[in-house]
Amino acid sequence: MAKPKTRSYSRYATQAAELLGLTIHEARIKRGLTVAEAAERAGISRGLVNRIENGEMGCAIGAAFELAAIVGVSLFDAEPTSLTRHLTNARDKASLLPKKARKSTKAVKDDF
């Protein structure tokens, strides 16, 4: 299947991305980092830093999270130990869920 040329996002998702970008931008300025310095520390391009800060939805989530960590933006909790606890709980819950929710693509042999 071909990838769609444009993708629509919910208002909530676009506003969340914009808020994250503005928060990262503000934290970067407070730390006195230039776009080039932040990009170098995160291992990404200056253009990607700008796109993240502008709240563009097509940016890689890993790059946005790394940039947030570098400039000191807390994404989930203020304490790393609390984040680890929440992550462990989420992994425990996920382990109880079935591995696949899709129907099997194997053809059923019903020749008797």
Side-chain angles (χ1 to χ4, degrees):
M1 179 189 258
K3 185 177 178 182
K5 292 183 181 180
T6 59
R7 170 117 163 68
S8 61
Y9 296 97
S10 67
R11 180 177 300 162
Y12 179 82
T14 55
Q15 287 177 341
E18 182 180 3
L19 176 60
L20 178 61
L22 291 171
T23 305
I24 289 172
H25 176 76
E26 181 182 348
R28 179 181 59 77
I29 297 300
K30 281 184 180 178
R31 286 192 177 241
L33 292 172
T34 65
V35 171
E37 290 168 335
E40 183 178 336
R41 288 185 62 187
I44 59 178
S45 69
R46 292 178 308 196
L48 184 52
V49 171
N50 285 324
R51 290 193 304 275
I52 291 169
E53 290 183 354
N54 289 329
E56 289 187 21
M57 296 294 288
C59 300
I61 193 166
F65 281 8
E66 182 64 20
L67 186 58
I70 286 169
V71 298
V73 172
S74 177
L75 296 172
F76 298 103
D77 265 359
E79 296 181 33
T81 56
S82 180
L83 179 61
T84 302
R85 187 180 72 248
H86 288 301
L87 182 58
T88 301
N89 289 340
R91 285 178 178 157
D92 289 344
K93 286 180 187 178
S95 69
L96 299 174
L97 298 174
K99 296 288 181 194
K100 279 189 172 181
R102 275 186 250 157
K103 293 181 181 179
S104 177
T105 57
K106 292 182 182 178
V108 177
K109 290 186 178 182
D110 57 357
D111 297 344
F112 294 110

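- The side-chain contact (heavy atoms from CB on, under 4.5 Å) check on Thr88 picks up Thr84, Asp92, with sequence neighbours excluded.
- Ala68 and Leu75 get closest at one heavy-atom pair: CB-CD2, 4.0 Å.
- Note that CZ of Arg91 is 14.5 Å distant from CG of Leu96, once rounded to the nearest 0.5 Å.
- Atoms CG and CZ, from Leu67 and Arg41 in turn, are 10.0 Å apart once rounded to the nearest 0.5 Å.
- With a 4.5 Å cut-off on side-chain heavy atoms, Glu66 and Ile70 count as touching.
- Using modelled atom types, one side-chain atom of Arg28 and one backbone atom of Leu33 make a donor-acceptor pair closer than 3.5 Å.
- To the nearest 0.5 Å, atom OG of residue Ser10 and atom CE of residue Met57 are 7.0 Å apart.
- Between the side chain of Arg51 and the main chain of Glu56, no donor-acceptor pair closer than 3.5 Å is present.
- In terms of hydrophobic clustering, with Ile, Leu, Val, Met, Phe, Trp and Tyr side chains grouped at heavy-atom distances under 4.5 Å, Leu22 and Ile61 are assigned to different clusters.
- A salt bridge links Glu26 with Lys30: the closest approach of a Lys/Arg side-chain nitrogen to an acidic carboxylate oxygen falls below 4.0 angstrom.
- Taking each heavy atom of Ala64 and Ile24 in turn, the nearest pair found is O-CD1, 3.8 Å.
- Between Glu37 atom CD and Arg31 atom CZ the span is 12.5 Å, to the nearest 0.5 Å.
- Put simply, CD1 on Ile52 and CZ on Phe65 are 10.5 Å apart, with the number rounded to the nearest 0.5 Å.
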